[in-house]
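To keep things clear, I will list the structure first and then write my remarks on it.
Letters A, B, ... are given to chains in the order of the sequence lines, protein chains preceding strands, and every chain is numbered from 1.
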Amino acid sequence: MGGMHGMGPIAPEPDEPVFHAEWERRVHALVIASPTRGNIDAGRHQRELIPGADYLRMSYYEKWFAALTQMLLQGDVVNAGELATGVADPATPKTTPRLAAEQVAAALSRSGSYQREATAAPAFQPGDMVRARNLSPTGHTRLPRYVRGRTGVVERCHGAHVFPDRHAHGAGEDPRPLYTVRFAARELWGPAVPARDSISLDLWEPYLERV
Amino acid sequence: MPHDHPGHDHDHGQEPPSDIALRVKALESLLVEKGLVDPAALDAIVDYYEHKVGPRNGARVVAKAWSDPAYRARLMADATAAIAELGYSGGQGEHMVAVENTPATHNLVVCTLCSCYPWPVLGLPPVWYKSAPYRSRAVIDPRGVLAEFGTELPADVAVRVWDSTAEVRYLVIPKRPAGTDGLDEDALAALVTRDGMIGVARL
């Protein structure tokens with residue numbers, strides 16, 4: 001929703017607690033602990049599939065809960081009857097939780113990586129001018145609408161990273177070079193914004209073309 | 001109930017639990033009954049995010065960067081490794097980049113696509129960071145956003161906005177306030193705010 005107008009004031013809350021209700025605590029923990037058989041990109045895509053009007057009305061943890069429920073269903077982790085009744089189907093096996101309490105601190109402080117071994121040299125180098133492609137994918141993407149068709153400068157190459165447009169849809173990690181690309185604010189928003197301001201995004205190589 | 005949490009039903013004083021609270025509780029019970037989640041693990045996850053991570057971690061990083069030029073150099077070269085030196089690591093901090101405010105440049109971090117935020121150093125994001133108003137405006141009107149947080153940025157200071165569109169997470173290193181030369185790292189860390197490390201405020 002980058003660049004949209006009319007969303008209202010930001011309204012920070014003084015001394016905001018980490019969670020606002022007990023159910024928010026449980027949703028946060030369930031999303032981390034549940035064996036959804038999805039991945040971070042699939043989870044993001046699931047939240048993006050929430051219809052727009054609902055998406056804007058729902059709170060963050062309502063969206064997380066809705067997406068979690070969908071992913072549990074799609075992964076055959078729970079079935080619709082179980083969700084409706086809240087009672088486990090006796091025909092399904094009882095398993096052992098994959099994450100035990102004593103493993104939590106180590107699991108949460110473990111840093112994985114989304115970088116993978118590159119299969120090809122990156123097409124762009126820092127300093128190169130690139131244009132964000134004018135793409136309109138129907139599935140998941142991390143190419144925001146507000147940079148499509150706009151020209152920027154490559155600032156940095158992060159190596160090959162898991163490509164969300166494929167990963168979100170169960171098509172494997174398909175790692176692609178990831179770049180930080182800097183756009184002048186005026187390139188994105190026109191002459192009314194300050195000339196010296198800029199916006200940088202992290203964009204995968206398939207999103208970019210040489211100018 | 002396999003997992004009885006005192007207080008679950010009392011988030012709103014004497015009001016009955018909300019529909020969402022009941023649905024979440026039902027799902028948790030189902031997943032516990034099926035042996036898919038351990039309720040004690042859920043408690044431990046909540047405790048971790050309420051008490052083990054938060055902006056005090058990021059404040060330690062900033063204070064050390066202000067105090068120790070060699071650490072600052074390591075932080076700017078490889079923030080993930082430099083932050084891990086202080087014991088901060090984990091999900092949503094896998095690929096860290098530190099961006100430094102200077103007299104000429106002010107940095108501001110947003111995630112327009114969802115709510116990406118550097119959990120190991122800042123904890124979980126505040127509601128406003130995840131809200132449509134911030135996500136929409138930070139990229140098109142960063143100076144207006146700063147003004148809403150009480151900071152009028154001079155016109156000769158360039159604003160650099162970082163939209164966290166991949167798994168790279170950004171930590172703003174605020175400018176060290178004037179008159180703090182004699183302070184040690186603990187005293188400096190106490191001056192560093194969460195909003196300063198997101199970039200919506202100056203210290």
Side-chain angles (χ1 to χ4, degrees), chain A residues 1-4 7-13 16 18 21-23 25-30 32-35 44 56 60 62 65 69 77-78 82 86 88 92 94-97 99-101 104-105 108-114 142 144 146 158 161 178 189 194 196-203, chain B residues 5 7-8 11 20-21 24-31 33-38 40-46 48-50 89-91 93-95 112-115 123-124 126-128 130-137 139-140 142 145 148-149 155 158-163 165-168:
Chain A
M1 53 182 72
M4 289 175 71
M7 295 292 184
I10 292 165
E13 174 186 344
E16 180 176 338
V18 177
E22 180 61 22
W23 68 265
R25 292 186 178 88
R26 304 317 279 182
V27 168
H28 184 82
L30 283 169
I32 288 171
S34 296
R44 288 189 183 125
L56 289 175
Y60 178 75
E62 285 173 333
F65 181 65
T69 305
V77 180
V78 302
E82 290 176 319
T92 61
K94 183 172 168 67
T95 60
T96 304
L99 182 63
V104 164
L108 297 183
S109 61
R110 190 180 306 130
S111 282
S113 174
Y114 295 90
R142 301 289 290 177
Y146 74 88
H158 296 277
H161 277 229
L178 177 72
W189 314 117
R196 47 170 56 90
D197 294 357
S198 66
I199 298 94
S200 295
L201 295 83
D202 295 318
L203 302 173
Chain B
H5 244 277
H8 270 201
D11 296 326
I20 181 86
V24 171
K25 195 171 204 174
L27 181 66
E28 179 180 337
S29 298
L30 176 64
L31 295 178
E33 187 190 349
K34 289 171 73 67
L36 293 166
V37 299
D38 171 4
L42 301 181
D43 292 341
I45 293 168
V46 170
Y48 186 88
Y49 286 108
E50 284 197 309
S89 57
E94 292 93 343
H95 302 280
T112 62
L113 294 175
C114 46
S115 327
L124 299 182
V127 167
W128 61 258
K130 303 177 281 192
S131 71
Y134 184 71
R135 289 169 50 193
S136 59
R137 270 176 61 205
V139 287
I140 192 170
V145 168
E148 197 169 313
F149 280 84
V159 177
R160 297 208 57 181
V161 179
W162 303 85
D163 187 356
T165 46
E167 299 304 337
V168 181

Which atoms of [X] approach chain B - backbone, side chain, both or neither, heavy atom under 4.5 Å:
X	answer
A:Pro144	both
A:Ala11	backbone
A:Ser34	both
A:Tyr114	both

To the nearest 0.5 Å, how far apart are [atom1] in [X] and [atom2] in [Y]?
X	Y	atom1	atom2	result
A:Leu108	B:Ile45	CG	CD1	6.0 Å
A:Tyr146	B:Ile140	OH	CD1	10.0 Å
A:Thr95	B:Leu36	OG1	CG	4.0 Å
B:Leu113	A:Arg142	CG	CZ	4.5 Å
B:Glu167	A:His158	CD	NE2	12.0 Å

Test item: [X] side-chain N/O and [Y] main-chain N/O as donor-acceptor pair under 3.5 Å:
X	Y	answer
A:Glu82	B:Leu30	no
B:Asp163	A:Leu201	no
B:Ser89	A:Ser109	yes
A:Arg196	B:Ala155	yes

Looking at residues at least two apart in the chain, or sitting in another chain, which of them share a side-chain hydrogen bond (donor to acceptor under 3.5 Å, both in side chains) with B:Tyr49?
-> none
Heavy-atom pair with the smallest gap, counting every atom of [X] and [Y]:
X	Y	answer
A:Met7	B:Pro133	O-CG, 3.1 Å
A:Ser111	B:Gly90	OG-N, 2.8 Å
A:Ala29	B:Val46	CB-CG2, 4.0 Å
A:Leu30	B:Val37	CD2-CG2, 4.2 Å

Does any heavy atom of chain A fall under 4.5 Å from the side chain of B:Tyr48, the backbone, both, or neither of them?
-> side chain
Could you look at B:Lys34 and say if it's the side chain, the backbone, both or neither that has a heavy atom under 4.5 Å from chain A?
-> both
Does A:Val18 have any side-chain contact (heavy atoms from CB on, under 4.5 Å) partners at least two apart in sequence or in another chain, and if so, which?
-> B:Glu50, B:Leu124
For B:Glu28 and A:Arg25, run salt bridge (Lys or Arg N to Asp or Glu O under 4.0 Å): C-alpha distance rounded to whole Å, both residues' side-chain angles, the deciding distance at 0.1 Å, then the answer.
-> CA-CA 12 Å; B:Glu28 179 180 337; A:Arg25 292 186 178 88; over 6 Å; no
In terms of heavy-atom pairs under 4.5 Å with chain A, which of B:Pro142, B:Gly123, B:Pro126, B:Gly91 leads?
-> B:Pro126
